[in-house]
Amino acid sequence: MRVLVVTRQFPNATDPHFSPFNRQQFAALGKRCAVDVLASVPWFPGARLFARWSLAGRFAGIPRSESIDGLDVEHPRYLHLPRVGRRAAGTLYAASLAREARRRRGRYDVLLASWAFPDGVAGVALARILGVPAVVKVHGSDMNVVARMPDVARSLRDALPRASRVVAVSRPLADVVASFGVPRDRIDVVGNGVDGELFHPRGRDEARAGLGHGGDARRWLLYVGRLEEAKGVLDLLEAFSLLARRRPDVRLVIVGDGAARAACEQAAGSLGDRVVVAGARPLEEVPRWMGACDALVLPSWAEGAPNVVLEALACGRRVVATDVGGTPDLVAGPELGELVPPRNPALLAEALDRAADAVYSPELVARAGARHGWGESARRLEASLRKALA
């Protein structure tokens, strides 16, 4: 089977840490069938001049093609109109890649669009040009947040039912997909995987020493992910500020980058070394940060099936997370952590207080929270693609 992936959610030379879940799953899929990736890049005239404010500007220097984890990856540009172009975003995306699709007719059996909007909307149109079935994979905030915008919702209600299949990363997300008119028998749930060679229990002291924090006996609370308001990272800083007033033995470590980084650094400024903003780190280094912590925190406003939770559990670390999306399916018992309502720093602070004092066995957490690897995730995704062909 020959698969063409179309998505904006993929690493590149400028941001090699972007969307590692797609890189890992598609690389594993590439070991089962032929996979090419069109990792599209937003563009508008003069984008380079706006590099400070615009993703299109920051990505202007990305090469036309790369090889990433054994996959042939091309970065076609698509016309993106910031702020004013949401209604036409799917159409502009498809029109920008139409020539690319026509050039590739006869080379593929199925098109896989990863992310609902505008990738999924454009993917359905591009699959018609290619003459192949379209499969749309949805992840979480693309359906739980972006799809709530009226213009986006109209586009998705038109496009998603025309896809041969839709793949959701969790059961709650599959329910959202069904509410957009997709028949249940055309929705597949395919969870993400975990790289067991990277993510496994390790000693806290050893992990901290490897990060240059040897001898720090404080209780570490760790956030790993995009620094965006909707990820709840500013709620986390407010909650930690409440906790830090009465507990000198806790420390918050933030690993990631994004639009809210400056706000995070400003909020952390008054807390000195009680807060570490480490920035984006290579995937290979993330397990060491997890090994160094006492609990992982994910205070998102919406989620699909967050891979960072799977990875923390595989590292034997309990989780404090918000009760949204597919997260309750992962933090399925008190031995794995605690769930709190989103956007509530006071309740989050109380949960962090309890997490800092929790005594538990990392090995038992890793066993209780165990999930399949990326090879199995790719096998299930391949099965969905083959259903589309049938």
Side-chain angles (χ1 to χ4, degrees), residues 2-15 18-19 22-23 26 35-51 53-68 71-108 110-139 141-143 146-147 149 151-160 162-164 166:
R2 301 164 299 172
V3 182
L4 178 64
V5 174
V6 175
T7 183
R8 300 167 304 149
Q9 308 294 319
F10 205 78
N12 55 66
T14 299
D15 190 352
F18 190 44
S19 300
N22 268 348
R23 174 178 64 80
F26 298 155
V35 177
D36 289 338
V37 180
L38 291 183
S40 51
V41 175
W43 169 88
F44 57 85
R48 289 179 183 271
L49 301 176
F50 298 89
W53 305 278
S54 167
L55 184 67
R58 292 195 294 276
F59 281 2
I62 292 175
R64 170 68 191 188
S65 61
E66 301 182 80
S67 179
I68 300 175
L71 298 173
D72 289 331
V73 181
E74 292 196 25
H75 297 293
R77 271 55 177 173
Y78 71 92
L79 182 59
H80 168 67
L81 300 178
R83 298 184 182 274
V84 299
R86 185 182 300 142
R87 177 176 299 180
T91 301
L92 290 174
Y93 192 148
S96 300
L97 270 64
R99 179 180 296 179
E100 191 76 40
R102 284 192 290 269
R103 186 171 67 84
R104 292 168 177 265
R105 278 187 65 91
R107 291 169 54 180
Y108 300 101
V110 62
L111 182 146
L112 171 61
S114 182
W115 202 255
F117 184 87
D119 311 72
V121 173
V124 170
L126 293 170
R128 294 187 65 182
I129 295 174
L130 286 166
V132 301
V135 176
V136 178
K137 181 187 173 197
V138 300
H139 296 262
S141 58
D142 52 347
M143 296 300 299
V146 179
M149 302 173 184
D151 291 341
V152 175
R154 282 192 289 271
S155 294
L156 290 174
R157 290 187 187 281
D158 176 64
L160 289 181
R162 293 190 288 119
S164 295
V166 178

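Please read these numbers as outputs of a predicted model, since none were measured by experiment.
The backbone N or O of Val37 sits nowhere less than 3.5 Å from a side-chain atom of Glu74 that would complete a donor-acceptor pair. The closest donor-acceptor contact from the side chain of Asn22 to the backbone of Gln9 lies under 3.5 Å. With hydrogens and angles ignored, the 3.5 Å screen pairs a side-chain donor or acceptor of Asp142 with a backbone N or O of His139. In this structure a side-chain-to-backbone donor-acceptor pair under 3.5 Å is present from Thr7 to Ser114.
More than 12 heavy-atom neighbours from other residues, nucleotides or ligands sit within 6.0 angstrom of CZ on Arg2. Enclosure of atom CZ in Arg162 by more than 12 non-hydrogen atoms of other residues, nucleotides or ligands within 6.0 angstrom is indicated.
Across all non-hydrogen atoms, the minimal contact from Pro63 to Arg77 is O-NH1, 4.0 Å. Between Leu130 and Arg105, the shortest heavy-atom contact is C-NH1, 3.6 Å. Closest approach of Ala113 to Gly120, counting heavy atoms only: CB-CA, 3.9 Å. Listed here is the closest heavy atom pair of Ala127 and Ala134: CB-CB, 3.5 Å. Residues Ala94 and Leu126 approach most closely at O-CD2, 3.5 Å, considering heavy atoms. Counting all heavy atoms, side chain and backbone alike, Asp119 lies closest to Ser40 at OD2-OG, 4.5 Å.
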Kindly determine whether Trp115 and Ser141 satisfy side chain to side chain contact (heavy atoms under 4.5 Å, CB included), including the steps that lead there. CA-CA 9 Å; Trp115 202 255; Ser141 58; 3.3 Å; yes
Mind running side chain to side chain contact (heavy atoms under 4.5 Å, CB included) on Tyr108 and Val3 for me, showing each step along the way? CA-CA 6 Å; Tyr108 300 101; Val3 182; 5.9 Å; no
Apply side chain to side chain contact (heavy atoms under 4.5 Å, CB included) to Trp43 and Phe59, showing your working. CA-CA 8 Å; Trp43 169 88; Phe59 281 2; over 6 Å; no
Any chance you could lay out the side chain to side chain contact (heavy atoms under 4.5 Å, CB included) test for Arg64 and His75, step after step, and finish with the verdict? CA-CA 5 Å; Arg64 170 68 191 188; His75 297 293; 5.8 Å; no
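Residues Arg104 and Glu100 are in side-chain contact: their nearest non-hydrogen atoms beyond the backbone lie under 4.5 Å apart. You'll find the side chain of Leu79 stays beyond 4.5 Å of the side chain of Tyr93, heavy atoms only. The shortest distance between side-chain heavy atoms of Leu156 and Val121 falls below 4.5 Å. Residues Val136 and Val124 meet the side-chain proximity criterion, which asks for heavy atoms closer than 4.5 Å. At a threshold of 4.5 Å between non-hydrogen side-chain atoms, the residues Phe117 and Leu160 do not count as touching.
In this structure, the separation between CD1 on Ile68 and CZ on Phe10 is 5.0 Å, given to the nearest 0.5 Å. Note that OG1 of Thr14 and CZ of Arg58 are 10.0 Å apart. Values are rounded to the nearest 0.5 Å. Taken from CZ in Arg8 to CG in Leu55, the straight-line distance is 8.5 Å, to the nearest 0.5 Å. A distance of 9.5 Å separates CG of Asn12 from OG of Ser19, quoted to the nearest 0.5 Å. One distance of note links CZ of Arg107 with CG of Leu4; it measures 8.5 Å at 0.5 Å rounding. To the nearest 0.5 Å, the span separating CD1 on Ile129 from CG on Leu111 amounts to 10.0 Å.
Scored by the side chain to side chain contact (heavy atoms under 4.5 Å, CB included) test, Arg48 finds Ala60 as partners (sequence neighbours excluded). Listed by chain and number, the residues in a side chain to side chain contact (heavy atoms under 4.5 Å, CB included) with Ala153 are Phe180 (sequence neighbours excluded).
Ring geometry for Phe50 against Phe44 counts as tilted: the plane angle lies between 30° and 60°, on a 0 to 90° scale.
Donor-acceptor pairing under 3.5 Å is lacking for the side chains of His80 and Ser54.
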